[in-house]
Amino acid sequence: MSEEATPAPRSPGGTSAAEGEPKDTAASTEKPPKEEPRPFDEERDGPVSESDALRSLASGVGHDAAERSEARQASAIADLIAARLNADASGTSIGTLALFNETVSFGGGFNTRGAHGTGPARHSGAVVALTGAELIEYTELFVQPDGYDTALGDLCEQALLVLTGPPGSGRAATAVNLLSEAAALSGAEDSGCHRLLDPSALAEPGWEPPAKNCGYLAEVGEGPSEAREFGVRRLASVAAVLRAAGCRLVLTGGHDLALAATSMSGGETFARHELAPPDPLVILERRVLGHAPEPDALVRLHAVLTTGNALSALREQPAARHAAGLASVITAEGDLAAAVAALRDPSDQVRSWFQQHRAPEAVAFALAAAVLEESSYLTVAEAAVKLHSALSPPEPAPPDLRFADRLSHEQQWIQLDSTASGPLGAGGPPRVRFRGALLGQAVLVYAWSTLDGRRDAVLEWLRRLLGHRDLEVRARASVAAGVLAWADHHYAVHRFLTGWAGSTSWPQRQAAATALGVAGSRPESAEAVWELLDEWARGGSSAYQRRLAGTAANAVGGILGRTSPDRAVGVLRAALDRGDDWGTLPAVAWGGVHFVHQGQTAVLLDAYLDWSTPQDLSPMVVKTLSAFVFAVSQPYERPSAGTETPGIAGVPLLLSSLPEHADQVAELWARALARQPVQDSALPALREWIDTYAPLCPGSLDGIAALLADVARRPGKHRERLLWWLDKWAADRDRPSANAAWLRRRI
């Protein structure tokens, strides 16, 4: 249908044009009876009418400001997470292959080893004496932690010292050095240092040291059950027996042993000391260069550590044993790069940690941190408490959970960072983050793939987070769902993604779109994601299938649209070109807006030109031009994160980017202004450009003038139409437009 045969333009409010407005020949001026507006009902089965769809698009029904903001923030966060996953800068990787390959070593991460890096040998019998080589390994290059002299004095005085600290803090090495120095200070005959292989024997009545005048080291395993053995029995009698035999004993353990020792009766008869984690770099320097290194040697060592990413590895895993391990590689002139890569491998760390920590409180906080990393501690702790309740039997009273107290013992891979910028700036509430970039995602994948009995509880907890009041929590939960989706795409699609994508709940549909964007950013799952989106976009016209198509359109407006723009516009077209079913128009229009914000303006405009080429009144042409008008009407909101195209806040990106894409924009404006019913929304949108947005964007009025001059030069009634409306707006009694008068003179 030619431009000359289009219906007469109407005023912005939808009423008939005023007398004197240019009318196209052969245009019918007869209008149907005015229909009373009614709410757009997206849940009604069957095709949605044209009037309902256009009204919903104009009013924003179903997509209010909060929903739009959520969609943009979720997309920005997804961008950052996907970039972190795919950058793989450290040479590490995560995924089912790395996580579940039985050849993966258990050496890295959080296994229990001494600071010397060689795990304690297990022998039959109650005790085993440390060999001379072991004593040299422990003591020769030992770095004294803070408070060492105080602990030594306490051991000499009390004979029994409970030494607690995080795993990998050098508890065993500190204990051996304390015992050796205490023996030397006593001046008595020394029978050496022995390791007590079964610490629980200390809690048995009548225990006595097997040999007199010697030192004993007993290491209590992590977890409350082992520590509780000492909480219910008195160690006061053990201390007395040790003093009588001229012996000393250092009992080492973690947070639970510290709690048990504090609550013991008779605690005044033995000493307690909390071990501060040593600086791993100092340990490495001592083991490589000795006690008095030359300054030049230190400089050369630091250069090696920086080049090989060893310093980053020690920041991520600051345990003393890791520093000792890297030092041994350097002194042996081994492959430092391979050792660093193995140390930073998140799969190894995660698997090793889960082998040791199965209690609900530990697992709950790890998963909450993995989903909500970079959020404040209180936000993460609240989510962890809710997950803990789902993983634990009901209790008569709320559990006494104090996650922060246990972090340095059970969750050394997590740090509370008070220097990170948050809503209150640096120095505000501490924010939770993993030390390694990929650890959070590895935690999610491992827990989802291996904790079979807890998968339903985790999924339900994640779904509930999608309804959280905090927008950031909802966005991060959506991203976490995407991580689970690429762990096992087929299972995720049938287990939760399809249900969310077709839900009547907007947060769940947005979560599905964000999750698919994250999953599709991985090469191994990208093709499966695109096939799924194509299938949803081409679905039927029921309310459920329409929601699936709308979710597909939303998904391609994010990271997927930036990485594969041609496939993205194919999904948008399939979702839009559904005959007389207009129900997907709002979702496709929003997908187009986000597509523009992803820097794919030229691709989208070319698609809109192609789809509206017939320039008739067919549904596809009207839908396409309506989507274009919607795109030019949406003010730009600068995202707080992500990689979207920069623009001027509060101004539509298609205006602030002029004269870029000027030819495409001018042609689409010409088509929209000449077609009913699109003209009803195009005219108000043009006046908003002239009177509202142009003053906010320096130089844009000249760009609008050039654009309208281009439109006016086209064959047909374009020139007469523009002049008529510019005159009308310039002389508007209630809202006269000086900009419209200026443009009228220019044209």
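Note that the structure is a prediction, hence the values are computed from the model and not measured.
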>> Walk me through whether Leu251 and Leu163 qualify under side-chain contact (heavy atoms from CB on, under 4.5 Å).
In response: CA-CA 6 Å; Leu251 183 66; Leu163 181 67; over 6 Å; no
>> Go through it in stages, so that I can follow the logic: the residues are Glu361 and Arg402, the test is salt bridge (Lys or Arg N to Asp or Glu O under 4.0 Å), and I'd like the CA-CA distance, side-chain angles, deciding distance and then a yes or no.
In response: CA-CA 9 Å; Glu361 56 266 30; Arg402 305 182 187 187; over 6 Å; no
> Can you check side-chain contact (heavy atoms from CB on, under 4.5 Å) on Leu135 and Thr131, steps first, answer last?
Replying inline: CA-CA 6 Å; Leu135 287 172; Thr131 66; over 6 Å; no
>> Leu401 vs Phe365, test: side-chain contact (heavy atoms from CB on, under 4.5 Å). Steps then yes/no.
In response: CA-CA 10 Å; Leu401 297 175; Phe365 194 87; over 6 Å; no
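In this pair, Trp413 and Phe434 present their aromatic rings perpendicular. The plane angle is above 60°, beyond the 30 to 60° band.
Here the closest heavy-atom approach between residue Ala320 and residue Ile283 is recorded as CB-CD1, 3.5 Å. The minimum heavy-atom distance between Ala129 and Glu134, with the atom names listed, is O-OE1, 4.2 Å. Of all non-hydrogen atoms in Val371 and Ala477, the two that sit nearest each other are CG1-CA, 3.8 Å. Scanning both residues, Val380 and Ala368, for their nearest heavy atoms gives O-CB, 3.7 Å. Shortest non-hydrogen contact noted between Pro346 and Ala442 is CB-CB, 3.9 Å. Nearest heavy-atom pair across Cys247 and Ala211 is SG-O, 3.2 Å.
Side-chain contact between Leu462 and Leu484 is present, with at least one heavy-atom pair separated by less than 4.5 Å. The side-chain heavy atoms of Leu160 and Val250, taken from C-beta on, include no pair separated by under 4.5 Å. Within the 4.5 Å cutoff, the side chain of Leu284 has heavy atoms near those of the Ile330 side chain. You'll find the side chain of Leu155 stays beyond 4.5 Å of the side chain of Glu181, heavy atoms only. Pro360 has its side chain within reach of Arg454: a pair of non-hydrogen atoms, C-beta onward, lies under 4.5 Å apart. Inter-residue side-chain proximity for Leu281 and Leu305 is flagged as met; some heavy-atom pair is nearer than 4.5 Å. With contacts defined as side-chain heavy-atom distances shorter than 4.5 Å, the pair Val127/Tyr216 qualifies. Side-chain contact check for Val238 versus Phe270: every heavy-atom pair is 4.5 Å or farther apart.
Judged by distance alone, the side chains of Glu524 and His489 never bring a donor and an acceptor atom under 3.5 Å apart. A side-chain donor-acceptor contact under 3.5 Å links Gln317 and His322.
Asn309 places no side-chain N or O within 3.5 Å of a backbone atom of Ser312 that could act as its donor or acceptor partner. Listed for the His357 side chain is no donor-acceptor partner under 3.5 Å among the backbone atoms of Ser352. At distances below 3.5 Å, at least one donor-acceptor pair connects side-chain atoms of Ser169 with backbone N or O atoms of Pro166. Listed for the Arg171 side chain is no donor-acceptor partner under 3.5 Å among the backbone atoms of Thr252. In this structure, the side chain of Asn177 engages the main chain of Tyr138 through a donor-acceptor pair within 3.5 Å. A donor-acceptor distance shorter than 3.5 angstrom exists from the side chain of Ser521 to the backbone of Val518, with no hydrogens or angles considered.
With sequence neighbours left out, the ring pair (Phe, Tyr, Trp, His ring centres under 6.0 Å) criterion links His388 to no other residue. For Ser328, there are no side chain to side chain donor-acceptor pair (under 3.5 Å) partners at least two apart in sequence or on another chain. Applying the side chain to side chain donor-acceptor pair (under 3.5 Å) test to Ser376 and every residue at least two apart in sequence or in another chain returns Thr379. Under the salt bridge (Lys or Arg N to Asp or Glu O under 4.0 Å) criterion, Arg300 pairs with no residue at all, not counting sequence neighbours. With sequence neighbours left out, the side chain to side chain donor-acceptor pair (under 3.5 Å) criterion links Arg243 to no other residue.
A salt bridge links Arg195 with Glu219: the closest approach of a Lys/Arg side-chain nitrogen to an acidic carboxylate oxygen falls below 4.0 angstrom. The pair Glu373-Arg435 does not meet the salt-bridge criterion, since no charged nitrogen lies less than 4.0 angstrom from a carboxylate oxygen. Of the charged side-chain nitrogens involved, at least one lies within less than 4.0 Å of a carboxylate oxygen, so that Asp417 and Arg433 count as a salt-bridged pair.
The distance from the CG atom of Leu451 to the CG atom of Leu367 is 7.0 Å, given to the nearest 0.5 Å. To the nearest 0.5 angstrom, Leu179 atom CG is 12.0 Å from Thr139 atom OG1. Remark: His302 NE2 to Leu298 CG distance equals 5.5 Å, nearest 0.5 Å. Here Glu316 contributes atom CD and Leu439 contributes atom CG; the two are 7.0 Å apart, rounded to the nearest 0.5 Å. Atoms CG and CG, on Leu217 and Leu196 in that order, are 8.5 Å from each other to the nearest 0.5 Å. Atom OH of Tyr377 is separated from atom CG of Leu372 by 13.5 Å, given to the nearest 0.5 angstrom.
For the ring pair (Phe, Tyr, Trp, His ring centres under 6.0 Å) condition, the pairs that include at least one residue of residues 143-180, sequence neighbours left out, are Phe142-Tyr148.
Only one option out of His273, Glu274, Arg272 pairs with Thr164 in a side-chain hydrogen bond (donor to acceptor under 3.5 Å, both in side chains); it is Glu274.
Around the CG atom of Asp146, the shell of radius 6.0 Å holds no more than 12 heavy atoms that belong to other residues, nucleotides or ligands.
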